[in-house]
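Here is the structure we will look at.
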Amino acid sequence: MDREKRGLLDLIISILPGIKITEKIILMKTFECEDDLFVQTRKDIEKILKREIKTFWDISEMAEKAGHIDTTCRIRSIKLVSWSSFEYPPLLREIYDPPALIYYRGCLPNPEKPLLGMVGTRKPSRESAEQAYKIAGNIGRSGISVVSGLAYGIDAMSHRGNLISGVPGYAVLGSGIDGIYPSANKPLANKILNSGGAIISEYPPGMPASKWTFPARNRIIAALSRSVLVVEAPFKSGALITATFALEQGKDLWVASCGTREREGLDRRGTIKLAYDGAEIVFCASDILNKWNLKESFSNAADIYSSRPSCKEELISSIADFLDIDI
């Protein structure tokens, strides 16, 4: 965000109540500095947005609130980038309802490098957790980073597998990034930051996670990804929301092979239906690289989980951790 030119303008606009995300971007396009916004009446804003505004605001209060958020971000080393900034992720800008402003720690993804979105159930089977870990690790072996939601289960296993390969990791939260949710994944969030990646959110510091913030963040995961892999998902799953966003955004949607195998006692109806509806099945990382025409970059890379004992130990430890097993 260009602080010198726009000041707190974009931050103020991003927190205005009663305004849709798409309308906030219209306002960002319309005004160039805070003073331009301060002199607007309700009728002026209604004319710009071409609709009646039922909830209006005291601009001085909004400016004061934005100032508090800005101070908090500076104290807690949280960075901001708005839709109007050239630093805003280009793929995120392309969707219908991009966040007016995002908060992040670390370094945003290189727009020249593709990301693989990996999502799935918080309570995966052991085989699906292992498959997520291996695919994420081997895809990282070719220099490709994973973006996911830092949740329990498939998200966490995907992050962990990818990080061991040495690439930057990326996580999108459904809460303010000063409050990692779930809190048990704080160490994992630190590993993502130490990898040179980023923790990203459209919500300001102090914003708690809620039922509606998670579906909203899923559109960001899909947007940042070149393709999305759903590893394992039950009939009702947030991962299926991400899948829907991926299709709406014109992204490749795949399902992992483990998630398509019926097994007694496991609810895999979500991924099974995706496969039935036409989503391609992925068995290993090389399948993805082939689809991306990157076969050659992977051909000389041995499966790191069969060739490196330390990776085997990390995999066993990660699976035991999410299953809450002492080893």
Can you confirm whether [X] is buried at [atom1], in the sense that more than 12 heavy atoms of other residues, nucleotides or ligands lie under 6.0 Å from that atom?
{"X": "F56", "atom1": "CZ", "value": "yes"}
{"X": "Y88", "atom1": "OH", "value": "yes"}
{"X": "K65", "atom1": "NZ", "value": "no"}

query: What about W83 and I69, same hydrophobic cluster or not, with Ile/Leu/Val/Met/Phe/Trp/Tyr joined at side-chain heavy-atom distances under 4.5 Å?
result: yes
task: Answer with yes or no whether the hydrophobic clustering places I95 together with I200; edges join I, L, V, M, F, W, Y residues whose side-chain heavy atoms lie under 4.5 Å apart.
output: yes
- request: Would you confirm whether T30, through its side chain, and I26, through its main-chain N or O, come within 3.5 Å as a donor-acceptor pair?
  value: yes
query: What heavy-atom pair brings A223 and K251 nearest, and what distance separates the two atoms?
result: O-NZ, 2.9 Å
Strictly below 4.0 Å, N to O, side chains only: are [X] and [Y] in salt-bridge contact?
{"X": "E202", "Y": "R219", "result": "yes"}
{"X": "R268", "Y": "E127", "result": "yes"}
{"X": "D287", "Y": "K291", "result": "no"}

task: Indicate, with yes or no, if the rings of F214 and Y181 have centres closer together than 6.0 Å.
output: yes
query: Relative to the ring of W212, is the ring of Y203 parallel (under 30°), tilted (30 to 60°) or perpendicular (over 60°)?
result: perpendicular
Option from V231, T271, I281 for which side chain to side chain contact (heavy atoms under 4.5 Å, CB included) with S257 holds: I281
